[in-house]
Every structure is written in C-alpha cells, then in structure tokens.
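All residue numbers in this chain count up from 1 along the given sequence.
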Amino acid sequence: MSENRIRVAKDKAELVKSLIAATDNNSPFQTYADVILFAAVLGAKHKQRTPLGEISKKEPGSISIEIFIARGYDPVMKLIAIAATENINVISPDRADVEQQRIGIFEEYANGGLDLLDRELCGAVDYTERILLMLSVAAARQKSIADRQSIDPTGANLASVDLDNTELVEFDLRKFLD
C-alpha cells in the first residue's frame, strides 16, 4: 500500500512555516501536523472548504498520514469526513478510495482554515496571542449562547441564532498587561 500524505497548498506554505517558526519558544504550534489539524478544525467549524490548487513542493512538503496517526489526530480527521459527507462509510478501513476521499476532505478544510487564519493573523506581531484572542472571542460567543439557552431551556428562541453574528463581548487586553 502506498503511503498517503496530507498536502499543503503552495500559497499557504509561508503561513504554515511561520506558525511553527521558533522565535523565543513562542510559536503557536510545534509541528506542521499541528498547524494543519488546527486549520482543518477551524475550516470545518466555519464550513470553509477550499480546493488546494497548486501544491507546495518545498517546505512544508506533504506530511505522512502516519504522523497524524502517531499524534492521535486520526479520529479528528475521521469525524471531519463524517460531518462533511454525512456518511459513516467514509471511515471504512478496508477501502483505499474512501481513505483518499477522507484525506481530500481534510486537506480542503485545512486549506479553508488556513485562509481564515491568514486573514485573522494579518498584521499580527504575535501569532500565539492573536490565536488565543480569536479562541477567547469564540468561547465568549459560545458562552453567550449557552447563557441564553439557560434562560430559555426549551431552546425555542435559539433556532435562528447564528454563532458568527452574535454580539461580541468587549475584550480589554489592558487588564492583562499590568
């Protein structure tokens, strides 16, 4: 069986490299696999699935699927594929064609997530800080929705709530700087 690999789009290669570039041990991620998994989950959450286009041949090159499996990321990859296809058969271990389909879905969500990260990190000096802020805002949105649901336990008023358009909680970074 040939080794399956996760590919990175050429136009995202520099972003991926910058997310693990070790400056003062303050990189948001340790490996390319970590970056790609985070991007795929982000892409899946925001339903941002983007075809790869031209593939990066240099660093970062394609990443062996075995690295993702060794890091325990395989279940996440499978869940993304199930959610995308709404078909449990996409995780069949005996069929090479479905494994290629899973990999393609994962790559496209990772590419979409990298698009989102690229926009979010534009102009940021500290990528780790910006990603943490991004996650904090998302958590605040989730909490706001959960709080609304606790007020209305039936959830009747939540049917039309859009997580991306809920009101933002003011976040003042100054309280952490002193």
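Atom NE2 in H46 sits 6.0 Å away from atom CG in L116 (nearest 0.5 Å). Here the straight-line distance linking atom OG of S136 with atom CZ of R141 works out to 12.0 Å at 0.5 Å rounding. Within the model, atoms OG of S92 and CZ of R102 stand 8.0 Å from one another, a figure rounded to the nearest 0.5 Å. From E66, atom CD reaches atom CZ of R5 across 10.0 Å, with rounding to the nearest 0.5 Å. Rounding to the nearest 0.5 Å gives a distance of 8.0 Å between CD1 of I6 and CG of N4. To the nearest 0.5 Å, the span separating CG on L15 from CD1 on I20 amounts to 11.0 Å.
Residue pairs satisfying the ring-ring contact (aromatic ring centres under 6.0 Å, His included) criterion with at least one member in residues 69-109, sequence neighbours excluded, are listed as follows: F68-F106.
Between I105 and A81 the shortest heavy-atom distance is CG2-CA, 4.2 Å. When all heavy atoms of G72 and P75 are compared, the pair lying nearest together is O-CD, 3.5 Å. Across all their heavy atoms, P60 and V16 have their closest contact at CG-CG1, 3.8 Å. Closest of all the heavy-atom pairs between A110 and A39 is O-CB, 3.4 Å. For the pair N89 and N87, the tightest heavy-atom approach, listed with the atom from each and the gap, is N-OD1, 2.8 Å. Taking all atoms of both residues into account, the shortest heavy-atom contact from A84 to R49 is CB-NH1, 4.1 Å.
Looking only at side-chain heavy atoms (C-beta outward), I67 and T31 stay at 4.5 Å or farther from each other. Considering only heavy atoms from C-beta on, L114 stays 4.5 Å or farther from D11 through its side chain. Within the 4.5 Å cutoff, no side-chain heavy atoms of Q48 are placed close to those of L42.
Clustering ILVMFWY residues whenever any of their side-chain heavy atoms sit less than 4.5 angstrom apart, transitively, puts L37 in the very cluster that holds L135. When the side chains of ILVMFWY residues are joined at heavy-atom separations under 4.5 Å, either directly or via intervening members, I69 and Y32 end up in a single hydrophobic cluster. Clustering ILVMFWY residues whenever any of their side-chain heavy atoms sit less than 4.5 angstrom apart, transitively, puts M77 in a cluster other than the one holding L79. I80 and V98 are members of different hydrophobic clusters when ILVMFWY side chains are connected at heavy-atom separations under 4.5 Å.
Taking the charged nitrogens against the carboxylate oxygens, D115 and R119 have no contact shorter than 4.0 Å, which rules out a salt bridge.
Every residue two or more places apart in sequence or in another chain that forms a side chain to side chain donor-acceptor pair (under 3.5 Å) with E54 is listed here: K10.
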**Request:** Run the numbers on L117 and K12 for side chain to side chain contact (heavy atoms under 4.5 Å, CB included), then give the verdict.
**Result:** CA-CA 10 Å; L117 276 173; K12 308 298 183 320; over 6 Å; no
**Item:** Derivation of the side chain to side chain contact (heavy atoms under 4.5 Å, CB included) call for V8 and I55
**Value:** CA-CA 6 Å; V8 177; I55 305 302; over 6 Å; no
**Message:** Run L121 and I131 through side chain to side chain contact (heavy atoms under 4.5 Å, CB included) and show every step you take.
**Reply:** CA-CA 8 Å; L121 298 175; I131 289 171; 4.0 Å; yes
**Stepwise side chain to side chain contact (heavy atoms under 4.5 Å, CB included) test for E129 and M134** = CA-CA 9 Å; E129 183 178 302; M134 186 176 85; over 6 Å; no
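Other residues sharing a hydrophobic cluster with V90 under the 4.5 Å side-chain heavy-atom criterion for ILVMFWY residues are I82, I88, I91.
For E108 (side chain) and T50 (main-chain N/O), no donor-acceptor pair under 3.5 Å exists by modelled atom type.
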